[in-house]
K.L.:
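Please find one structure pasted underneath; my questions will follow.
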Amino acid sequence: MNHGPPIKPPPAYTTLLKWALPSGIRRESILGDLCEEFLNGVETGSRSEARRWYKRQALRIVIQHLFHRRLNGWQQNPIGRHQPRHGPIRGDPFLSTILADLRFAVRSFIRTPGFTTVAVLTIALGVGANSAIFSVVHSVLLRPLPYAESNRIVRPWAEKIFSRPMFLEFRDQTSSFSHSALFRGASLTVTEGDEPEVIGSGTVTAEYFGALGVSPLMGRTFLPEDQEPGAEPVVLLTHGFWKRRYGADPEIIGQTIGLDGQGVRSRTVIGVMPKTFRQYTGGQVWIPISMDPDDPNTNFLQYGYRLIARLAPGVTIEQSQADMSRLVATFPENHPTQFRPIRRSPIPVLSLHQSIVGDVKATLWLLLGAVGLVLLIACSNVANLLLARSGAREKEVAIRLALGADRKRVIRQLLTESTLLGFAGGATGVVAAVATMAMLVRRLPSQVPRTSDISIDAFVLAFAAGVSLLAGLVFGLAPAIRATRASPGMSLTDASRGTSFGRSRHQLNNVLVVAEVSLAMVLVIGAGLMLKSFTQLKHVDVGFHAERLVSLRPLPPRTRYADQEQWGQYYETVLERLRAVPGVDGATTANLLPMTNNNSGVPYLVEGQDIPDGSVSQVVNFRTVTADYFETMGIPMLQGRSFTDADRQDAPTVGIANETLVKLHWPDEDPIGKRILDSSGDLFATVIGVVQSIQQHQLDLAPKPQIYLPVTQAGYRSPFVIVNTSRDPNAILANVREAVRSVDATVPIIQVRTMNEVIDESLGSTRAYTSLFSAFAVLSLLLGAVGVYGVLSYTTSQRTREIGVRIALGASPKDVIRGTLRKGVAPVLTGIGIGTAMALGLTRLLTSLLFEVTTSDPIIFGGVAIVLAAMGFAASYIPALRAARVDPMVVLNDG
Amino acid sequence: MRPKAFLGEFEHMLLLSILQCREDAFGPKISRLLEERAGREVSRGALYATLDRLEQKGLLEWGIEAATSRRQGNRQRRFTVTPSGLRALTLSRTALMNLWQGLEETLSAQ
């Protein structure tokens with residue numbers, strides 16, 4: 001027998017049944033029967049089949065109960081089927097009146113197609129945009145990660161990059177974690193088939209999959225033996241790679257595949273991970289990290305790995321932080337040359353979820369807030385439309401009230417109408433959101449994680465339904481109450497006379513316009529600030545002449561390029577061929593491109609100086625470059641000399657510092673000849689020159705200390721090739737690629753781009769956020785304009801008779817226009833005032849997204865105010881003109 | 001007065017199943033028998049609604065029995081067909097038999 005936890009039918013459906021059926025022995029016996037039949041099903045068939053059966057039957061019972069029986073009025077009419085099919089419905093009075101109201105509402109909407117279309121589309125815009133952004137927030141921020149007990153997976157000291165010995169100390173000396181593993185990305189070359197293919201891989205230690213709590217689809221994951229020196233090289237495949245490259249071959253386990261990289265040329269497949277497994281290391285395969293203690297790279301400070309762990313049972317995050325802090329406090333004592341005493345406490349342990357979404361959390365909520373404002377504006381617009389409509393229907397309502405209709409009943413009917421409108425708009429919006437989802441996901445900033453998880457699921461639909469319902473009630477309530485407030489007699493006489501009437505309704509109209517304009521003001525100012533910031537960013541001087549540069553990255557396989565000498569020959573030939581291409585003014589190599597997120601850093605000491613107090617260690621970014629790098633890139637040399645052929649392997653190691661490094665360590669001294677040491681105190685490089693600092697990663701970050709090392713001493717590290725051209729870089733791309741290919745056609749070439757494209761990519765996130773905010777701002781402006789126009793043209797049409805009288809009494813068209821404009825523009829100006837105050841408070845939330853723009857930038861605030869005022873003026877002008885053309889004779893003679 | 005209507009098909013089958021179950025006419029047993037003999041899945045929504053309707057018509061009644069361990073503590077109902085239920089079945093049966101008379105050849109020709 002099964003001694004595991006008792007098998008239960010799906011609890012959600014049991015709850016649903018309990019909710020739907022009235023309590024008593026009937027409910028009890030039905031619940032019991034279903035449970036019994038479910039267990040029978042589990043024993044005779046599969047559990048999932050039994051669960052499906054249970055859900056299906058539960059739903060049928062609920063539906064039967066809620067609809068069939070209530071509508072047929074079973075309770076009141078025990079004869080059941082024999083009741084007459086025609087005549088008044090004798091079912092539940094609440095449900096049947098709602099049905100009657102709904103039918104009435106549908107009919108009245110069909111009678112006014114123009115109004116209905118505008119209202120539905122307006123709500124669709126609001127709800128659609130909200131559902132789309134909410135599905136992003138839900139999938140990225142709210143939904144738990146797809147791992148077993150994912151809230152127990154943590155990233156201890158997440159900002160720290162670990163070394164292998166540090167990890168071993170961590171693993172052996174902490175007790176808070178049941179599994180812990182290192183991971184990092186690496187690229188490998190698949191050497192099978194016709195075309196070599198470069199793929200990303202995760203290099204991980206054995207417990208990585210245990211920490212995430214996933215088992216392989218077939219085969220096994222890594223064992224500690226796999227990372228020992230001399231172990232057979234193995235590889236684990238993602239489901240996608242297995243399917244794409246090996247056609248989901250069921251016999252793949254145990255086969256050897258040609259996979260070049262990390263020191264070996266082929267690996268044995270030991271397992272395939274399930275399709276549902278989403279990894280955050282990226283890549284298509286996993287390989288184990290070698291744990292060879294004799295490996296020269298196993299320096300305590302040879303960083304490069306990230307740490308992931310699973311909390312041991314019963315351990316809280318706080319306890320694990322204390323554990324971590326205690327361990328890290330021993331580092332300076334055990335490794336005195338590399339660590340200064342650490343003052344920071346406690347050492348943070350973040351949940352994996354936090355570490356993945358941390359950077360984008362605030363921004364995504366901000367986006368949801370912005371799109372929420374759009375919805376509010378849409379709601380005010382529809383409320384305005386409904387107000388106008390309820391004005392037209394005032395007689396109808398008044399007659400119904402006069403004939404003795406219950407006021408609550410009339411309000412309920414009006415609310416049913418607005419709710420129906422809300423749902424119709426919501427449904428349209430959700431359809432639009434589903435249709436545009438893929439486009440939105442593509443446009444999301446690349447820093448947003450988990451985008452492959454984004455989908456519109458039941459939760460998002462429930463959100464959309466909730467928002468639609470709320471919207472329906474919000475924009476329906478005011479008009480409904482308003483329509484039924486007036487005493488029947490007054491309304492009947494007032495409305496029938498058709499003069500300047502219903503003052504308080506106009507006030508309500510104006511309040512809504514003020515609300516719309518002030519909300520739009522907030523959004524447009526937000527977008528304006530971001531646009532200005534984006535423009536500022538684009539004008540940041542990168543420090544080199546990007547517009548002339550083209551780059552690409554050949555990946556010579558280790559099978560034929562085993563040592564630095566062969567690499568050197570390859571790259572020298574490549575550079576030679578490139579210099580011969582017409583239009584190429586220079587060619588060079590660098591291990592990393594500027595303006596990408598990749599970095600290589602190394603801990604260092606400066607001779608005669610201490611590590612600054614309070615820091616664990618200091619790290620300098622380094623780039624290994626060929627001699628003419630600075631000339632090719634257009635980076636000005638400020639002092640000293642560039643590399644020469646004399647800087648060979650056997651000569652003293654040299655380096656060229658950037659200005660930032662010089663200012664940090666030798667602000668008032670001559671930096672030439674100063675010595676930089678590695679973490680064990682040996683010479684790392686003697687400074688022979690100083691160059692101007694360039695932008696390294698993102699345009700909004702200040703340059704960091706950096707040192708350039710010559711390839712002749714530091715070696716090639718699968719570098720990028722960079723070409724300087726006086727022609728159009730786009731036009732020369734193909735020739736450059738061909739020249740590199742001509743050296744060795746079997747070498748894969750990746751990342752062929754102009755430097756401007758690289759810089760553009762670095763702006764991707766900012767651009768994405770800016771364009772999303774701008775889109776919302778444009779939407780809000782449009783909705784605002786429609787709102788102002790709608791209200792004014794409606795009130796003007798109501799005032800036709802009054803205007804006619806005025807004109808008859810001698811008012812000039814100019815007077816009429818001026819008067820009408822004043823009525824239209826006044827609430828807009830009030831809205832601008834309130835909006836400015838709100839924006840002053842709210843734009844502070846944008847601070848982290850802005851670059852060299854204050855959140856109260858007067859130019860943006862002023863500009864937006866002018867734009868909105870102009871919009872208000874334009875929207876008022878057409879109704880004003882129409883008013884001026886009123887023919888007094890026609891108006892006064894008419895009824 | 002409207003003449004008393006005959007049983008519906010499902011009502012008819014349900015009452016017969018209850019009789020077939022004899023002393024064991026509990027929900028799950030009735031459903032299983034119905035599904036086995038009728039050869040199709042029975043919607044529990046329709047089942048329980050029809051049981052209620054038959055009860056309202058006075059054609060069946062039920063008594064409460066204690067819960068078993070497989071029912072999460074929920075008590076169960078044992079259904080029995082009332083004398084008027086038996087009468088309704090007989091009436092329906094007679095009517096059907098009358099209508100069937102003389103159709104044997106037509107059917108066997110199929």
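Quick caveat: nothing in here was measured; it's all calculated off a predicted structure. Within every chain, numbering begins at 1; the chains are lettered A, B, ... in the order of the sequence lines, protein sequences first and strands thereafter.
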K.L.:
Please walk me through it: do B:R32 and A:N40 pass side chain to side chain contact (heavy atoms under 4.5 Å, CB included)?
P.N.:
CA-CA 11 Å; B:R32 194 186 326 147; A:N40 291 343; 4.2 Å; yes
K.L.:
Examine whether an atom of A:R27 lies under 4.5 Å from a heavy atom of chain B, and if so say whether it belongs to the side chain, the backbone or both; otherwise answer neither.
P.N.:
neither
K.L.:
With chain B, which of A:L34, A:L31, A:I25 has the greatest number of heavy-atom pairs at distances under 4.5 Å?
P.N.:
A:I25
K.L.:
Kindly say whether B:R75 contributes a backbone atom to a donor-acceptor pair with the side chain of A:E28 at under 3.5 angstrom?
P.N.:
yes
K.L.:
Which one, B:P28, B:A46, B:G27, leads in non-hydrogen pairs under 4.5 Å with chain A?
P.N.:
B:P28
K.L.:
Can you give me the closest heavy-atom contact between A:P9 and B:Q72, atom names plus distance?
P.N.:
CD-NE2, 3.9 Å
K.L.:
Can you tell me how far OH of B:Y48 sits from CD of A:Q57, rounded to the nearest 0.5 angstrom?
P.N.:
9.0 Å
K.L.:
Out of B:R77, B:E55, B:K29, which one racks up the most heavy-atom pairs below 4.5 Å with chain A?
P.N.:
B:R77
K.L.:
Taking all heavy atoms of A:E37 and all of B:S31, pick out the closest pair and write down the distance.
P.N.:
OE2-OG, 3.7 Å
K.L.:
For the pair B:D52 and A:R26, find out whether any cationic side-chain nitrogen is under 4.0 Å from an anionic carboxylate oxygen.
P.N.:
yes
K.L.:
Quick one: list whatever passes ring-ring contact (aromatic ring centres under 6.0 Å, His included) with A:Y13, sequence neighbours left out.
P.N.:
none
K.L.:
Got a second to check how far B:N74's CG is from A:S29's OG, nearest 0.5 Å?
P.N.:
8.5 Å
K.L.:
Which of these, B:R44, B:Q76, B:R71, sits in a side chain to side chain donor-acceptor pair (under 3.5 Å) with A:D33?
P.N.:
B:R71
K.L.:
Side chain, backbone, both or neither: which part of B:E65 has a heavy atom under 4.5 Å from chain A?
P.N.:
neither
K.L.:
For the residue pair B:E41 and A:W53, establish whether any side-chain heavy-atom pair is separated by less than 4.5 Å.
P.N.:
yes
K.L.:
If you draw a 6.0 Å radius around CZ in B:R93, do more than 12 non-hydrogen atoms from other residues or ligands fall strictly inside?
P.N.:
no
K.L.:
Taking all atoms of both residues into account, what is the closest heavy-atom pair of B:G45 and A:Q64, and its distance?
P.N.:
O-CG, 3.4 Å
K.L.:
Heavy-atom count check: over 12 atoms from other residues, nucleotides or ligands less than 6.0 Å from A:F459 CZ?
P.N.:
no
